[in-house]
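Scroll down for the structure; my scribbles are underneath it.
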Amino acid sequence: MTEKILENFSIAQICESGQCFRMEEIQDGRYQVIAGDRYLELEQQGNRVRFDCTEVEYRDFWRHYFDIETDYGAVMAQINPNDTYLTAAAQLAWGVRILNQDLWEMIVTFLISQQNNIVRIRRCIKNICETYGTAKTASNGVCYYAFPTAQALAGLEEDALMACNLGYRSKYVVRAAKAVSSGEVDLAWISSLNYQKARAELLKLFGVGEKVADCICLFALHHLDAFPVDTHIRQVMEQHYKRGFPNRRYKGIRGIMQQYIFYYELHGSEK
DNA sequence: ATGCAGGCATTCA
DNA sequence: TGAATGCCTGCA
């Protein structure tokens, strides 16, 4: 058990922010996270967060995974108080953080996410993990499936994942797996690139367009300037930022603003 | 029952 | 270059 006092951290909000599809509430206030082949359970009361892992596991992995080293209070302090929309969005999404997730996992996840709804995205990912991921047992005895490696998917026929309900996205995922597995695409190298270059490399993957590339850049590579524009964000831009989003002001943290807006659109009651 | 859900590739002007 | 169109599937 590792307990921390954390500001601007809400596991419930992170779970519902739509950047991770393998995080869920398993009991009242108790959450489960599967990241790559790791498993974690955690609980929160106010700003006290209890991680069910050793101090070493927290320091070596989960601390970075939850982006604890970034000061989100300082980020929110940069929001223009005259921007009532963004202020309200950040106020509601006060505990959202940009996770540091696995690159391969995010490529697959956001290939699946396109033209899709959240319920089915979760189901698709569950299906491929249970079919092609390694079964594991957590330290508390819970069984779970690791995210399938690129190698595990690289030998499939292009339409094999339609059995996992991916639909036309099946060939996108299988082709990506082949590219990564063969070394044609070097994930470690992409990880070393800056935002613009990493984005350009990701766009070369079949099925990866600008929106998906930006999600991968933001949620795996932690390029906080990435600003994924989907249908929701596009509507917000047309409604609230007719003269364009203030990119200059939020340079370097645009992705965090995007998450506040996205969360607000998903969970804000008014509108 | 059409339209759409956190798009993208392809085609055609 | 930019605008239209089909695509797996499920849900309202």
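Below, chain A is the first sequence line, B the second, and so on; all start at residue 1. These values consider heavy atoms only, across backbone and side chains, with no hydrogens, waters or symmetry-generated copies.
One can place CG of A/D214 at 13 Å from C1' of B/dG7, the figure rounded to the nearest angstrom. Atom pair A/K171:NZ and B/dC8:P shows a separation of 14 Å (rounding to whole Å applied). Rounded to an integer number of Å, the gap from NZ of A/K204 to C1' of B/dC8 is 18 Å. Between A/F110 atom CZ and B/dG7 atom C1' there is a gap of 13 Å when expressed in whole angstrom units. Rounded to an integer number of Å, the gap from A/Q115 CD to B/dG3 P is 14 Å. Atom CG of A/D230 is separated from atom C1' of B/dC4 by 14 Å (rounded to the nearest Å). In this structure, NE2 of A/H232 is placed 4 Å from P of B/dG6, rounded to the nearest angstrom. Atom pair A/N117:CG and C/dC7:P shows a separation of 19 Å (rounding to whole Å applied).
Counting any heavy atom pair closer than 4.0 Å across all strands shown, A/G207 reaches sugar-phosphate atoms only and no base atom. Nucleic acid contact for A/Y263: none, since no nucleic acid atom lies under 4.0 Å from a heavy atom of the residue. Using a 4.0 Å heavy-atom criterion, one finds that A/R234 contacts no nucleic acid atom at all. A/I118 comes within contact range of at least one nucleobase, with a heavy-atom separation under 4.0 Å. When heavy atoms are screened at a 4.0 angstrom cut-off, A/S17 is found touching base atoms of the nucleic acid. Residue contacts shown for A/V208 are limited to sugar-phosphate atoms, with no base heavy atom under 4.0 Å away. At the heavy-atom level, A/G167 lies under 4.0 Å from base atoms of the strands shown.
Considering only side-chain atoms of A/Q114, the nucleotide from B/dG7, C/dC8, B/dT10 that sits closest is B/dG7. The side chain of A/F206 has B/dT10 as its nearest neighbour among B/dT10, B/dG6, C/dC8. Side-chain proximity of A/V212 to B/dA5, C/dG10, B/dC8: nearest is B/dC8. Taking the side chain of A/M162 as heavy atoms from C-beta on, and the options B/dA9, C/dT9, B/dG6, the nearest nucleotide is C/dT9.
Between A/R63 and A/E55 no salt bridge is recorded (no basic side-chain N to carboxylate O distance below 4.0 Å). Salt bridge present: A/K126 and A/E130 bring a charged side-chain N and a carboxylate O closer than 4.0 Å.
Partner assigned to C/dC8 is none, using Watson-Crick or G-U wobble distances below 3.5 angstrom. Using N1 to N3 plus N6-O4 or O6-N4 for Watson-Crick, or N1-O2 and O6-N3 for G-U wobble, each under 3.5 Å, C/dA3 pairs with B/dT11.
Straight-line distance between the P atoms of B/dG6 and C/dA4: roughly 23 Å, to the nearest whole Å. Going from the C1' atom of B/dC8 to that of C/dC11 covers 22 Å, rounded to whole Å. Of the P atoms belonging to C/dT5 and B/dC4, the separation is 14 Å, rounded to the nearest Å.
Contact annotation: side chain of A/R120 to base of C/dC8, donor-acceptor pair present below 3.5 Å. Judged by distance alone with a 3.5 Å cut-off, no donor-acceptor contact links the side chain of A/K211 to the base of B/dG7. Applying the 3.5 Å distance criterion, the base of B/dG7 shares a donor-acceptor pair with the side chain of A/Y168.
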| query | Can A/F9 and A/I14 be said to form a side-chain contact (heavy atoms from CB on, under 4.5 Å), step by step? | reply | CA-CA 8 Å; A/F9 182 101; A/I14 293 169; 4.0 Å; yes

- [ ] For the pair A/E210 and A/R199, evaluate salt bridge (charged side-chain N to carboxylate O under 4.0 Å, His left out) and give the outcome as yes or no after the intermediate values.
- [x] CA-CA 8 Å; A/E210 301 198 347; A/R199 187 178 194 272; 3.7 Å; yes

Would you check, one step at a time, whether the test salt bridge (charged side-chain N to carboxylate O under 4.0 Å, His left out) holds for A/R50 with A/E3?
CA-CA 4 Å; A/R50 214 183 71 191; A/E3 253 193 36; 5.3 Å; no

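For the pair A/F21 and A/Y172, nearest-nucleotide mapping onto DNA chain B gives the more 5' position to A/F21.
Under the 30°/60° scheme for interplanar angles, the aromatic rings of A/H64 and A/H222 are found to be tilted.
Taking the ring axis of A/F147 as reference, the NZ or CZ atom of A/R22 does not stay both within 45° of it and closer than 6.0 Å to the ring centre.
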